[in-house]
There are 4 protein chains.
Amino acid sequence: MSALTAHMFSAESMRRVFSEHSTVQRMLDVEAALCEALAAAGVIPEIAVGPVRASCDASRYDLDALASAARDAGNLAIPLVKALTADVAAGDVEAARYVHWGATSQDVIDTGMVLQLRDALELLTVDLAELGDALAALAHRHRMTPMIGRTWLQHALPITFGLKVAGWLDAVLRHQQRLRELRSRLCVLQFGGAAGTLASLGDRGLSVAHALGRALELPLPSLPWHAHRDRMAECATVLGLLTGTLGKIARDISLSNQTEVAELHEPVAVGRGGSSAMPHKRNPVGCASVLTAATRTPGLVATMLSGMVNEHERALGGWQAEWDTLPEIAGLCSAALTQMRDVIEGLGVDAARMRANIDATQGLVMAEPVSLALAVHVGRAKAHEIIEAGCHTALETGQSLAAVLAADADVSRLLAPEQLSLLLDPVRYCGEAAAFVDRVLAAHRHAKA
Amino acid sequence: MSALTAHMFSAESMRRVFSEHSTVQRMLDVEAALCEALAAAGVIPEIAVGPVRASCDASRYDLDALASAARDAGNLAIPLVKALTADVAAGDVEAARYVHWGATSQDVIDTGMVLQLRDALELLTVDLAELGDALAALAHRHRMTPMIGRTWLQHALPITFGLKVAGWLDAVLRHQQRLRELRSRLCVLQFGGAAGTLASLGDRGLSVAHALGRALELPLPSLPWHAHRDRMAECATVLGLLTGTLGKIARDISLSNQTEVAELHEPVAVGRGGSSAMPHKRNPVGCASVLTAATRTPGLVATMLSGMVNEHERALGGWQAEWDTLPEIAGLCSAALTQMRDVIEGLGVDAARMRANIDATQGLVMAEPVSLALAVHVGRAKAHEIIEAGCHTALETGQSLAAVLAADADVSRLLAPEQLSLLLDPVRYCGEAAAFVDRVLAAHRHAKA
Amino acid sequence: MSALTAHMFSAESMRRVFSEHSTVQRMLDVEAALCEALAAAGVIPEIAVGPVRASCDASRYDLDALASAARDAGNLAIPLVKALTADVAAGDVEAARYVHWGATSQDVIDTGMVLQLRDALELLTVDLAELGDALAALAHRHRMTPMIGRTWLQHALPITFGLKVAGWLDAVLRHQQRLRELRSRLCVLQFGGAAGTLASLGDRGLSVAHALGRALELPLPSLPWHAHRDRMAECATVLGLLTGTLGKIARDISLSNQTEVAELHEPVAVGRGGSSAMPHKRNPVGCASVLTAATRTPGLVATMLSGMVNEHERALGGWQAEWDTLPEIAGLCSAALTQMRDVIEGLGVDAARMRANIDATQGLVMAEPVSLALAVHVGRAKAHEIIEAGCHTALETGQSLAAVLAADADVSRLLAPEQLSLLLDPVRYCGEAAAFVDRVLAAHRHAKA
Amino acid sequence: MSALTAHMFSAESMRRVFSEHSTVQRMLDVEAALCEALAAAGVIPEIAVGPVRASCDASRYDLDALASAARDAGNLAIPLVKALTADVAAGDVEAARYVHWGATSQDVIDTGMVLQLRDALELLTVDLAELGDALAALAHRHRMTPMIGRTWLQHALPITFGLKVAGWLDAVLRHQQRLRELRSRLCVLQFGGAAGTLASLGDRGLSVAHALGRALELPLPSLPWHAHRDRMAECATVLGLLTGTLGKIARDISLSNQTEVAELHEPVAVGRGGSSAMPHKRNPVGCASVLTAATRTPGLVATMLSGMVNEHERALGGWQAEWDTLPEIAGLCSAALTQMRDVIEGLGVDAARMRANIDATQGLVMAEPVSLALAVHVGRAKAHEIIEAGCHTALETGQSLAAVLAADADVSRLLAPEQLSLLLDPVRYCGEAAAFVDRVLAAHRHAKA
């Protein structure tokens, strides 16, 4: 993404994680830790550590020049190692000999990326927990607030707004679990040298690798994974799933925010969502961002999966396809997540309008409970026939279903007026909605404990 | 996929899981179990169970007629429930009243699909374990078999074939873990009724749901998930990741199977991989199937992610997009997995050719160990300069690097002939390859225990 | 897609084009034409033609057995040629020698597919023209029917329904042009023999190729294109673009079909779109199918593009990925197109509801023309300030904007009541809507001429 | 893409087209032209033009501040128009009243994007023509250079290198045609105002639109197309097709650049493709970039297609998904195209190695012509049997097929030694290769004329 769109399509904290400076710094962090690990393992003299570490500071390098050189080199690590070596050599020629010792470009690029992704997952975990909390509070508050349930974009039967929110929260809880499972597979060291054998370190390869892992707080995997990208691709899929759920919530809210529906409203803020030319508009700017992220992410995830088909010990195109794609996915996910958290935290809920909308179809959405009650007396088929006729009368005459049925001798013979009234009360026809909400809230509490 | 391509792009066992007959039978299994659960909960009379269960047999229905009616209905459950009701009614009009009681189409379709996916995961788990075992045996056998490591499709440094296979196995172990984690989230009941509240079951919704889950051996989730498709989409992503790894293995094998490389050969069989017009060909038919699956799956996974953005309580397009897509992904994954298992189990390994290929570049791939050994004496820069010159001489004159270096006074002054010989032995320059293989084999044993 | 979903996700005529029988028949058509072309060029004896042509009848072959054998062979042509040869040989051993002479499997598969795609484009062209005509009639009828324009799913300013439909039609016209351009590139012969040189035909390769092209009415391209799949991939993209537009129209209609909006209604039919449990529902079944197609197609198009990266003279996975994918795209496109044509031809338009919805925001959507009129007198900033205040008053008090402005001294000083009334009439504030409709209708007439 | 990867994944000229500065400048170009058009149509006073045009200079604005404000506004045009208005007002309050008059944000964003895409297509057209010329020269030079044709990554039959290159060129010619067709649909004005009716311009909407189109040299389409994104999506698909072809060429070259194949070599340059640790490596850096682009583009194209399903008169997510995606596709395409042009212009072709590789299978690839020659005498089946046996003998004994056949009495009885020798000459078994090359070269000349 360009600097012009970065604020729209990434959260500020995530932009910092994947900024040009951070990207280079994380690679330099790997080089510094490598130098220490090599010295600790006795592969290189201890004296090299200080100068190398001092040079491992991204602000010392011309990032534009590195970027330009990366084109011919084929990756960023080659010019960076060259620049780092020169920077060390300017002060200590001897120390410069040990820069990048035993490593290959991909070790540095991959481990640097893992460090960035670890930060990214940390951010997303915090934001997701905040979203979960906001949803839990909202579900609890509206546990019994009736609204119409909609299928096929048509009024179906009543639900509660709490149930809808609990459905959102339930998915969030699964994503929290997925993020945890992902982290254990993703956040590991990449260190294998030119062909993945650490051969240039002689018999000290594994001990250097252990030391490097400890220094970076990254577990050592069973073996280097240069050409096996399932870890990176899994990261993409897990964030993709999360963004998909956020898109679903945004779809619900933006539909509920329609002028004609008006049940939910994105929080209003100065300079946000208003239209100077059209003062009645309440543009769901946050939902639009989330939906944009949900539109863009599936294709990017597909790229990551396509890129898995690597050639032999290092890929020709597949690995390289990750460099922009994974940060883009993380940025979009963070934008969607923080926007959605803000939307939920400030969401305007118009319970009266929800109630009014239930009644918009003259009570027809309450046909089922009456039909079921009649079925006890006359069988399902006959009951359905009576109610269907009643609904058509209501639709044609503009009367409410309540009035039509009250006037129907077949019905009034079987159902007393007060019974009919109760049957037509949407709050009383929300089934297990409250129980479902409670189950989800309990799961949320359990997950937090 | 069509019947003509089904054998190529799905395993036979997986085709049975997703056959037309199975699809309808699984939905009928849900209807039968629902009827029992309703009776057990006292919602409907026990007497309905026998007739309904007897009619829940897919062979009683005209699948073509159902398929045709599904077009106007919008899904398969509507005509199936109609046909089931008629079938029951033909024998027992009373029992027919209780068919599909309290359920919505999506309950039946989703739970039927979950039952199919449970079977699918079972099959994949078995096949994946077999692939893992075959890879472990292969890695063990070739733990010390030297071959050239290739990066950028260029000879890099020696590795062992065991190390390459251990890398394949290591990824397989991660996929086994992912499949386990997926199963616990995916294999749950879907049961919510028309709007997800189970309202038509009055106060017995949850007890029916519990009974239904027990009958189908599917845990009851916190709440119905009609419009939250992350479970289904996650299934797609996990299979997509697995297929990606299989594609990477197939890429490696097919590249190694090239006429010019000839290190690995797909197992030969009658009518398989041969070309009548070109008898010298050994077409990697299995790898081609796997690569086809790896080419097709990313886009299908993207579809599943795009489909997550559902509208309110039931989607308009997103859910429906799953019906063909998820079985297609499972079929492709099963085809890739069984083909790859067969390829690995019968893989021809030409260790002599591997050794010969290492030498194809006149020993240049062994430049690094000599350079490192020289560096101890003359520093890295100078050593690199000497070796670079030696390599160019070798390339220009067609001599081996060994001969060039032996004739180089700078080198022979520092390295004795026998030392030089050892340095140029690829087997001795495989670093931690054997240790890495052992780590993966231990992880494999641990995972099986 | 499976037989159970085929009716939902493909049009009947398109299913015939890509049926198992047709697929085999089209390949046999190529074999028969090849035999004739060879005889005409004097490569094989004329006497072979009769027996071969007689055997080129798909109903003579066991399609299941072919499909099964295709798995090991790697494609369908190998077992088909074997079966064809055997069938010819049963009657004429001599003639059987000339079956498939000079051709390679891919010649037959690709040219067979091109023949199917030519039929497919023919069907789509007819259906698209019908959709275009229906849209033109609708746009003409509602050229001046006012409705609210919606941006961000919020009421914006008035438009006419004709303008909206003209926008749909305008896109359809572009797709007609794209289909024409595609056809000229796509519908060409594939004929190159084993490596694309026609070497086995000696010096008669080109003359056989010309004869074969004439027989199949397919132009001869500059050279065989086995490994260049841009023609096939372009077909996918053009259908993908068309399906995308259909999805946009379906999105508009399904949103307008919402219970709360109720401006447009899919045509009602027996057994279509109704819900027995919820008689008030008017499920947009057609739009759901179209939206499903629009959800599924982008990933399939991506597959076709990914598959373009073929290896040398014949691919290992990329080409094979087309076999299911391209027919699937064509099926989905045909389903979407015929469903949308039917929806448009029977679309219910509630002009009164459109008018009523305009007024749902108390006239606030008419703020702009009043603001512009005031701006002439007091400048844009001041005018905007006055109107913004008026809008807020209207929103807070529930009055119409007309009433609020009429009572505003600043406004009434500058705008006479009748002027204000005209300014607040939505029909008068549709700008160039009618002119735009006319421009599109003219383009439609021009394209038909 | 980030600044660090921009050089790898976009051509320099394309980066300028889509730089932050250019993006803002193109939007300002639209604002300036709009102001002039309004004045020309008499809608606003002529005096406003000078001040507005003077302020329409991107260097006057703080792009970071605009980017940051875009997050809350939902797009970049809103803060830009605000900043522009303020900048004009600082010098001329009166002129500032007429900034952006009659336009909506999307008019400015879309038309600005069209102007950028027009520049992008111009660049790609020039680069593609250069690639075409380089390919034509290469095909001409190697029209008769024999090499082995490879199917399934196996040696098949001889072709000429010219034929392979002609296949590449033939695809390039189709892409040139597609680019031309695209341009006529894509490069049009977007101008519709808030709801696409130009209502705020009263009866002068169309005349302003015509003037604006003339000023920007963009034809006026039949009507505004805010919610119809097929133009933009088509641009993505056409570039995606082109990138796919470039990926295919890169696949071929990188496979031919393998150490074991060594027929083609990317041009060598200082700091490019070499590996300091492994001096024998000739990394195909250019091909890797192209393959990266080909891996990334399909998913991005899918995003553009998914984004087509817009809501009503302005989208909520679909349109916004284009902003990064389309420039990314253009950047990747330009990187792939310029890299491939450079690779082709400097491609190292080792004809001797090509010839040697043909012989690598002991002449088995020449089995077909001998088999065909024998078939004239003994029938195809018998001939095939003889040759198959000969091939196996050759494979088992390590003899050449020529030697085996010469020693075979069945063969020598029928084919004289010199006839056998001619039959086994690969150059003589390239069929219509030269004719095919000539056909493509003629088409190339024709396209240039």
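Source: prediction; values computed, not measured. The sequence lines fix the lettering, A, B, ..., with proteins before strands; numbering per chain opens at 1.
At distances below 3.5 Å, not a single donor-acceptor pair connects side-chain atoms of A:Glu313 with backbone N or O atoms of B:Gly149. Although no hydrogens or angles enter the test, the distance criterion places no donor-acceptor pair under 3.5 Å between the side chain of B:Arg229 and the main chain of A:Gly244.
What you find for B:Gly299 and A:Ala302 is that their closest heavy atoms are N-CB, 4.4 Å. Taking each heavy atom of B:Ala194 and A:Leu157 in turn, the nearest pair found is CB-CD1, 3.6 Å. A pairwise comparison of heavy atoms in B:Ala199 and A:Cys430 identifies CB-C, 4.3 Å as the closest pair. Heavy-atom minimum distance, B:Leu163 versus A:Gly196: CD2-O, 3.9 Å. Residues B:Leu223 and A:Gly167 come closest through the heavy atom pair CD1-N, 3.7 Å. Between B:Ile159 and A:Ala195, the shortest heavy-atom contact is CG2-O, 3.4 Å.
Contact of B:Val440 with chain A is made through backbone and side chain together, with heavy-atom distances under 4.5 Å. In this structure, no portion of B:Ala442 lies under 4.5 Å from any heavy atom of chain A. Both the backbone and the side chain of B:Ala233 come within less than 4.5 Å of a heavy atom in chain A. For A:Ala443, the part lying under 4.5 angstrom from a heavy atom of chain B is the side chain only. Contacts of B:Leu220 with chain A are made by both backbone and side-chain atoms, with heavy-atom separations under 4.5 Å. Within the 4.5 angstrom heavy-atom criterion, only side-chain atoms of B:Leu316, from C-beta onward, approach chain A. Interface remark: A:Asp438 contributes no atoms to any contact with chain B (heavy atom separation under 4.5 Å). Interface remark: B:Arg231 contributes backbone and side-chain atoms alike to the contact with chain A (heavy atom separation under 4.5 Å). Proximity to chain B is absent for every atom of A:Leu441, based on heavy atoms less than 4.5 angstrom apart.
Counting heavy-atom neighbours within 6.0 Å of B:Arg428 CZ, excluding the residue itself, gives a total of 12 or less. Within a 6.0 Å sphere centred on CZ of B:Arg97, other residues, nucleotides and ligands contribute more than 12 heavy atoms.
In this structure, A:Leu305 and B:Leu241 have side chains that are in contact, with non-hydrogen atoms separated by less than 4.5 Å. Using a 4.5 Å heavy-atom cutoff, the side chains of B:Leu291 and A:Val309 are in contact. Counting only heavy atoms from C-beta outward, the side chains of A:Arg178 and B:Glu181 never approach each other to under 4.5 Å. Side chains of A:His228 and B:Arg174 form a contact here, defined as non-hydrogen atoms less than 4.5 Å apart. Between A:Pro224 and B:Phe436, some side-chain heavy-atom pair lies under the 4.5 Å cut-off. The side-chain heavy atoms of A:Ser256 and B:His312, taken from C-beta on, include a pair separated by under 4.5 Å.
Highest contact tally toward chain A, considering only B:Thr237, B:Asp230, B:Val301, is held by B:Asp230 [criterion: heavy-atom pairs under 4.5 Å]. Counting heavy-atom pairs under 4.5 Å between each of B:Ala171, B:Gly431, B:Pro298, B:Pro158 and chain A puts B:Pro298 at the top. Ranked by heavy-atom pairs under 4.5 Å with chain B, the first of A:Ala227, A:Gly202, A:Ala315 is A:Ala227. If you tally non-hydrogen atom pairs under 4.5 Å between each of B:Ala96, B:Gly240, B:Ala433, B:Gly379 and chain A, the highest count goes to B:Gly379. In terms of heavy-atom pairs under 4.5 Å with chain B, the best-connected choice from A:Gly247, A:Ser200, A:Ala375 is A:Ser200. With chain A as the partner, the residue from B:Leu255, B:Leu300, B:Thr297, B:Asp203 showing the most heavy-atom pairs under 4.5 Å is B:Leu255. Most heavy-atom pairs under 4.5 Å with chain B, from the set A:Lys164, A:Arg185, A:Met308, A:Gln106: that is A:Arg185.
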Using the rule given for side chain to side chain contact (heavy atoms under 4.5 Å, CB included), can you reason through B:His226 versus A:Thr151, listing the C-alpha separation, both sets of side-chain angles and the distance that settles it, and then say yes or no? CA-CA 10 Å; B:His226 296 127; A:Thr151 59; over 6 Å; no
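Residue pairs meeting the side chain to side chain donor-acceptor pair (under 3.5 Å) criterion with at least one partner in residues 244-254 of chain A, sequence neighbours excluded, are A:Trp168-A:Asp252, A:His175-A:Thr245, A:Lys248-A:Asp252, A:Arg251-B:Glu311.
Distance check, rounded to the nearest 0.5 Å: OG of A:Ser184 to CD of B:Gln177 gives 5.5 Å.
With sequence neighbours left out, A:Ala435 forms a side-chain contact (heavy atoms from CB on, under 4.5 Å) with A:Glu432, B:Leu206.
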